[in-house]
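Throughout, a chain's letter reflects where its sequence line sits, starting with A, and its residues are numbered from 1.
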Number of protein chains: 2
Amino acid sequence: MAPLGHRALPGASTVDHVSIDHLGDVPVYQQLAAILREQIASGELPGGRALPSHITLVQRYGVARGTAAKAVAMLVDEGLVRIVPGRGAYVQRRS
Amino acid sequence: MAPLGHRALPGASTVDHVSIDHLGDVPVYQQLAAILREQIASGELPGGRALPSHITLVQRYGVARGTAAKAVAMLVDEGLVRIVPGRGAYVQRRS
DNA sequence: CCCTATTTGTTCGTATGTATT
DNA sequence: AAATACATACGAACAAATAGG
């Protein structure tokens, strides 16, 4: 069994973002949720702003769409994000 | 149990919940396959009806998704169920 | 009104890694 | 060692809602 792609994410583009560790103990969807949660907390993703789409997250972080959806779903459960059907995911405006 | 013909509401599930024994000798996926097979045979799951999704089976019987998939795959092999990709698993219409 | 594109949600299939028996 | 079971992850396909042309 091939020891899974061990390549260190070649597209390590301008680290405007944190990379995902596909080999560590922390699940990918939890890592991605943590990244987005941090961007919300820091104001990089302010209230009312749309989150990157699933497809964008897939391209930007190298994860599967289902994994991206799972990460966003976590933020929805936490009340940080609101889904608008057919539109996208938006950062909740805090009162 | 499960008196046929007294169904007031279409979606009202008779909670005749058969439990899975995770400690016995019979593999979980075989137990689950037997449960579904019985529901098909009894008409509780008639021809054309969609089987519960993997996720539903996970929540309802407390098994892993892979185990639920394995159980459904058995019914497919037996010709009792037909898979429609992206849709779900449907009970075969018997002639 | 119809068509297309975008986005989210959900489905099944499959593979991997780990733990247990 | 082998079978079983679970969690995670990726891929592909279908559906519904929305928006714009």
Side-chain angles (χ1 to χ4, degrees), chain A residues 1-11 19-36 45 48-92, chain B residues 19-36 40 45 48-92:
Chain A
M1 34 307 199
L4 204 136
H6 181 265
R7 50 205 171 77
L9 283 203
S19 295
I20 298 288
D21 176 18
H22 288 255
L23 302 178
D25 289 339
V26 182
V28 171
Y29 71 92
Q30 286 183 17
Q31 292 182 50
L32 181 51
I35 291 172
L36 296 174
L45 285 176
R49 173 76 57 81
L51 260 67
S53 71
H54 289 177
I55 298 300
T56 300
L57 293 175
V58 165
Q59 298 170 342
R60 185 175 299 172
Y61 295 100
V63 301
R65 219 202 104 198
T67 303
K70 195 167 182 177
V72 174
M74 287 188 67
L75 304 183
V76 172
D77 288 342
E78 296 170 10
L80 291 176
V81 166
R82 174 179 53 102
I83 297 297
V84 181
R87 291 293 307 279
Y90 294 85
V91 179
Q92 278 285 20
Chain B
S19 297
I20 298 288
D21 177 18
H22 288 258
L23 302 177
D25 290 340
V26 182
V28 172
Y29 72 93
Q30 287 183 17
Q31 293 181 52
L32 181 52
I35 291 173
L36 296 174
I40 293 174
L45 286 176
R49 174 76 56 84
L51 260 67
S53 72
H54 289 175
I55 298 300
T56 299
L57 293 175
V58 165
Q59 298 170 343
R60 185 174 301 173
Y61 296 100
V63 301
R65 217 201 115 202
T67 303
K70 196 169 183 178
V72 175
M74 287 189 66
L75 303 183
V76 172
D77 289 342
E78 297 169 10
L80 290 176
V81 166
R82 175 178 53 101
I83 297 298
V84 182
R87 292 289 307 277
Y90 294 84
V91 179
Q92 279 284 17

Checklist outcome for this item: Closest non-hydrogen atoms of Ile35(A) and Tyr61(A), given as atom of the first, atom of the second and distance, are CG2-OH, 3.7 Å
Checklist outcome for this item: Note: Pro52(A) and Arg60(A) closest approach over all heavy atoms is CG-NH1, 3.8 Å
Checklist entry - How close do Ile20(A) and Leu32(A) get, heavy atom to heavy atom, and via which atoms? => result CD1-N, 4.0 Å
For nucleotides 7-11 of chain C, list the nitrogen or oxygen atoms of the protein found under 3.5 Å from its nitrogen or oxygen atoms, one pair per line.
from, atom 1, to, atom 2, distance (Å)
dT8(C), OP2, His54(A), N, 2.8
dG9(C), N7, Arg65(A), NH2, 2.5
dG9(C), O6, Arg65(A), NH1, 3.1
dT11(C), OP1, Ser53(B), OG, 3.3

Next on the checklist: Using every non-hydrogen atom in the two residues, find where Ala89(B) and Val81(B) come nearest and quote the distance to one decimal.
Outcome noted: CB-CG1, 3.7 Å
Next on the checklist: Could you work out, with side chain to side chain contact (heavy atoms under 4.5 Å, CB included) as the rule, every residue matching Val58(B), not counting sequence neighbours?
Outcome noted: Arg65(B)
Item to check | Contact nearer the 5' end of DNA chain D, comparing Ala64(B) with Val26(A) | outcome: Ala64(B)
Checklist outcome for this item: Students should find that the nucleotides of DNA chain D closing off the region near chain A, any atom under 4.0 angstrom from a heavy atom, are dT8(D) to dA19(D)
Checklist outcome for this item: Residues passing the side chain to side chain donor-acceptor pair (under 3.5 Å) test with Arg87(B), sequence neighbours excluded, are Tyr90(B)
Checklist outcome for this item: 5'-most contact on DNA chain D (nearest-nucleotide basis), Val63(A) vs His22(B), goes to His22(B)
Checklist outcome for this item: Across every strand shown, the nucleotide meeting Watson-Crick or G-U wobble geometry with dA1(D) (both distances under 3.5 Å) is none
Checklist entry - Under the side chain to side chain donor-acceptor pair (under 3.5 Å) rule, what pairs show up with a residue in residues 26-35 of chain A, not counting sequence neighbours? => result none
Side-chain donor-acceptor pairs under 3.5 Å in residues 69-78 of chain A, sequence neighbours left out?
from, atom 1, to, atom 2, distance (Å)
Glu78(A), OE1, Arg37(A), NE, 2.9
Glu78(A), OE2, Arg37(A), NH2, 2.9

